Amino acid sequence: MNTQESIQNGIQNAFKEHFEVELTKDQISLVPTRKEFEGTYTFVVFPFLRSTKKSPEESARLIGEYLKDNVPEVVDFNVVKGFLNLVLGNASWIDLFENIRSNPSFGQKPSNGQRVMVEYSSPNTNKPLHLGHLRNNFLGYSVAQILEANGYEVIKANLVNDRGIHICKSMVAYSKFGNNETPESLGIKGDHLAGKYYVLFDKEYKKEVQKLITEGKSKEQAEKEAPILLEAQNMLRLWEANDPEVVALWKKMNSWVYEGFEETYRKMGVSFDKYYYESDTYLLGKDIVEEGLKKGVFFQKEDKSTWVDLSSEGLDEKLVLRGDGTSVYMTQDMGTADLKYNDFKLDKSVYVVGNEQDYHFDVLFKIMRKLGRPYGDGLFHLSYGMVDLPSGKMKSREGTVVDADDLMDEMIQTAENHTKELGKIDGFTPEQATELYEILGMGALKYFLLKVDPKKRMLFNPQESIEFQGNTGPFIQYSHARIKSILRKAKQLGIEYKSTDFSGISSLHESEQNLIFILGEFEKKIQLAGQEYSPSVIAQYLFDLAKDYNRFYADVAIFQEDDPLLVSFRVALSEMTAKTIKKGMGLLGISVPDRM
RNA sequence: GGCCUUGUAGCUCAACUGGAUAGAGCAACUGCCUUCUAAGCAGUAGGUUUCAGGUUCGAGUCCUGACAGGGUCACCA
């Protein structure tokens, strides 16, 4: 039984004894005591005044007395209005620390027997990845790690959007203006080559529309009839008819893009267990439409188009299959949901997709539940906000995006400049230095994107946004490197701490207590992050942990201490902090250096 | 216009899901490197939590309404 539980027990008994009331454990919530008051846990008595039939102060005092007398962990208490602050003794701090450090699976829950798929990234193959994709990829990868730490078996999936009119746009532009350029001949990545032609298509298209308008067409007409658009539409038809020439071009350009993506993913540090391609899945889902019609979940209109009526659930009617029998996005997604389930027998399925698709997924999930899918309740849309620039929204077609590759390179470059300025690369080989810059640059970037609640839209200012001081990745990485330096010195001095018994320690510094307390919160935070699908919970926690450690570091001098037992204890406490930082940063997909 | 969502210090974000005097970082200002890494630590200053009501012992958090931003309401994906 841990400290919290024994306090809860004590409170239960106190209520029985003094007020003759039976409370259940989950009615008794303990909150951390605010910094300005003495104590570790606070019990709020206001909600129970009806059963205590006494003033808040009196009720709190009675419970406090009882706990002090009957719960060994509680050595003192104080009452402020209706808040009962409990003070824990040294022994329970040491106990708590021993518990944490003797747990070999700290930060990793045992298997819960459930399997979850996290689908993220899901790029289009007509353009390179940009800043928005970075948020998506880092989120998806991190959530996968967090779910794994919560005991799930996780499958990371990438559903590649490799077909459709937008892909044909790049292809048309390339075949018209490409002059047989290749990534090699241009010396650029394949995804950037495709992106170049996607932008070129848009330019050309706008030019043609303008020309048609001056020839007297209406804007709508011109936008529909621009020759280059007709070419793209024709190419899509040819592709669907398996035209050898179009398919060959499609394969060639896609393979370039995949090579480019692979390189970007490697730099991002993300990976996938399963790839799905829309060129394989885009015809799926029609059988589900049949099934839905039979079950009466869907209905047909006069033009033979198939719809679902969700008005009873507060939504509208929604098309699921066109009148001519061709698919829409929804059709495909219904089919893919079944495909994923049949491939892996999933208990849960997480879609990491931007919040502009909230409505779509709301509809999709409601449909799958109406159809009685066993996985219906396990579907979850991890909806995240856009990343805005000071100049506003990013648009690929107009080229106003922050390119993912460029940004990562810039971050690494900045890390290099910063490190050199601080003169911190003594004793590094060139390879080690390069690795360090990458760890720091990527750490800064990932932490910046993950520390914010995923649901919220966020602002990225290229000039100011990413710092190396304060609430940043490098700050946490720095704390880790500092501890590693302590551990190296401890080893050098021959200090034994791994199996030392610390129960003889009689007094702990306040910053040591704080540190033990926050270390003890780690598993709760992992659980919360898993429930909420929110890496920001972990990021926030790690910042607090690093801050508490740095406070401790400044407050006590580890090796100057006379008592060898205390020296060992402080080294052990440091080591545990480093382990927790490393594990936690791992959950965010961020590496930590041993030196920096 | 309907629906969804957001609004907290000059800026970027927190607030343990209804608890105490709303906290951090950046930017500004003050201190601290002859002992463990100053990418650090300590401190000063900065707030009518967009506004108006309501619910209650208690509201940034819940409800209603306004105002402002964003998204969506495609036979695009």
Side-chain angles (χ1 to χ4, degrees), chain A residues 29-37 42 44 46-47 49-50 56 80-83 85 122 124 161 163-167 278 282 303 305 314-316 318-324 326-330 332-333 353-360 362 383 385-386 388 393 415 418-419 421-422 424 440 444 448 451-453 455-461 464-465 467-479 481-490 493 521 524-525 528 532 536-537 539-541 543-544 546-547 549-560 570-571 574 595-596:
Chain A
S29 68
L30 295 173
V31 295
T33 304
R34 285 190 156 260
K35 282 248 154 61
E36 53 278 28
F37 300 100
T42 295
V44 187
F46 288 114
L49 294 182
R50 215 162 285 160
V80 183
K81 290 186 267 180
F83 298 90
N85 301 323
S122 305
N124 292 327
N161 189 343
R163 67 161 287 281
I165 188 73
H166 49 297
I167 312 293
E278 287 203 8
Y282 80 106
D303 63 353
S305 58
L315 303 179
D316 291 330
K318 185 84 189 172
L319 181 87
V320 294
L321 193 69
R322 291 187 185 110
D324 62 6
T326 56
S327 296
V328 291
Y329 184 34
M330 191 60 74
Q332 198 183 124
D333 265 8
V353 182
N355 63 7
E356 72 270 20
Q357 295 199 40
D358 284 356
Y359 183 71
H360 171 78
D362 200 9
S383 157
M386 297 289 104
D388 283 327
K393 212 181 158 179
H418 203 72
T419 305
E421 239 171 67
L422 292 171
K424 291 214 176 183
L440 294 177
F448 176 78
K451 76 175 174 187
V452 181
D453 184 335
K455 290 193 286 290
K456 293 193 172 166
R457 60 190 291 117
M458 61 188 293
L459 184 82
F460 178 83
N461 185 334
E464 300 167 7
S465 276
E467 308 276 345
F468 288 78
Q469 275 146 9
N471 188 356
T472 65
F475 169 81
I476 297 165
Q477 290 171 319
Y478 174 73
S479 308
R482 229 182 191 183
I483 296 173
K484 283 296 184 179
S485 168
I486 295 276
L487 297 179
R488 283 191 293 270
K489 180 157 182 185
L493 296 174
E521 297 285 290
K524 247 185 278 174
K525 295 293 179 180
L528 185 65
E532 315 238 314
S536 70
V537 171
Q540 204 64 42
Y541 169 81
F543 177 58
D544 290 338
K547 241 187 341 181
Y549 183 82
N550 284 326
R551 173 103 194 235
F552 157 80
Y553 183 92
D555 280 352
V556 306
I558 296 174
F559 297 111
Q560 311 309 312
R570 287 171 183 171
V571 174
S574 298
R595 285 188 297 162
M596 66 185 271

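Just so it is clear, the model here is predicted, and its values are computed rather than measured. Numbered from 1 within each chain, the chains take letters A, B, ... in sequence-line order.
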Which residue, A:Met458 or A:Phe468, contacts RNA chain B at a nucleotide closer to its 5' end, judged by nearest heavy atom? A:Met458
Whole-Å P distance, B:rU55 and B:rU17: 25 Å
Taking the nucleotide of RNA chain B with the nearest heavy atom to each, does A:Arg34 or A:Asp303 sit closer to the 5' end? A:Arg34
Could you label the plane-to-plane angle of the A:His418 and A:Phe468 rings as parallel, tilted or perpendicular, counting under 30° as parallel and over 60° as perpendicular? parallel
B:rU61 and B:rU8: how far apart are their C1' atoms, nearest whole angstrom? 11 Å
Minimum heavy-atom distance A:Phe559-A:Ile486, with the two atoms named: CZ-O, 3.6 Å
Closest to the A:Gln560 side chain, choosing from B:rC57, B:rA77, B:rU35: B:rU35
Classify A:Arg595 by what it touches in the nucleic acid, base, sugar-phosphate, or nothing, heavy-atom distance under 4.0 Å. base
Measuring from the side chain of A:Glu467 (C-beta onward, heavy atoms only), which nucleotide among B:rC26, B:rA20, B:rA14 has the closest atom? B:rC26
Taking the side chain as every heavy atom from C-beta outward, state whether A:Arg163 and A:Tyr282 have any pair of such atoms under 4.5 Å apart. yes
Which nucleotide in the list B:rC75, B:rA20, B:rU12 gets nearest to the side chain of A:Asn85? B:rA20
Give me syn or anti for B:rC11, where syn covers glycosidic angles within 90 degrees of 0. anti
Aromatic ring of A:Phe543 stacked on base six-ring of B:rG25, 5.5 Å, 30°: no
Among B:rU12, B:rA39, B:rG23, which is the nearest nucleotide to the side chain of A:Pro474? B:rA39
Which nucleotide in the list B:rA20, B:rC73, B:rG40 gets nearest to the side chain of A:Tyr359? B:rC73
When the P atoms of B:rU21 and B:rA59 are considered, how many whole Å apart are they? 10 Å
Over all strands shown, is A:Val571 touching base, sugar-phosphate only, or nothing at heavy-atom distances under 4.0 angstrom? nothing
Heavy atoms from C-beta onward define the side chain here; which of B:rG40, B:rA39, B:rU72 lies closest to that of A:Arg482? B:rG40
Euclidean distance for P, B:rG18 against B:rC62 (whole angstrom): 7 Å
List the atom of A:Phe448, the atom of A:Val452, and the distance in Å for their closest heavy-atom pair. O-CG2, 4.1 Å
Closest approach to the side chain of A:Glu356, judged atom by atom: which nucleotide of B:rC36, B:rG71, B:rC75 is it? B:rG71
Would you please test A:Asn355 and A:Arg457 for side chain to side chain donor-acceptor pair (under 3.5 Å) and show each step? CA-CA 9 Å; A:Asn355 63 7; A:Arg457 60 190 291 117; over 6 Å; no
What do you reckon, do A:Phe46 and the base of B:rG19 stack, with centroid distance below 5.5 Å and planes below 30°? yes
Using Watson-Crick or G-U wobble geometry with both distances under 3.5 Å, which nucleotide pairs with B:rC13? B:rG23
Nearest of B:rA39, B:rC75, B:rA24 to any side-chain atom of A:Thr419? B:rA39
Out of B:rA38, B:rU72, B:rA39, minimum distance to the side chain of A:Tyr553 belongs to B:rA38
Among B:rA20, B:rA77, B:rC41, which nucleotide sits nearest the side chain of A:Phe83? B:rA20
Any strand is fair game: report the nucleotide pairing with B:rG40 by Watson-Crick or G-U wobble, both distances under 3.5 Å, or none. B:rC32
Taking only the P atom of each, what is the distance from B:rU48 to B:rA9 in whole angstrom? 9 Å
Please give the distance between the C1' atoms of B:rA22 and B:rG58 as a whole number of Å. 14 Å
Distance-only polar pair, side chains of A:Ser574 and A:Tyr553, donor-acceptor under 3.5 Å: no
Regarding B:rU44, purine or pyrimidine glycosidic angle vs 90° from 0 gives anti
Side-chain N or O of A:Tyr478 less than 4.0 angstrom from OP1 or OP2 on B:rA39? yes
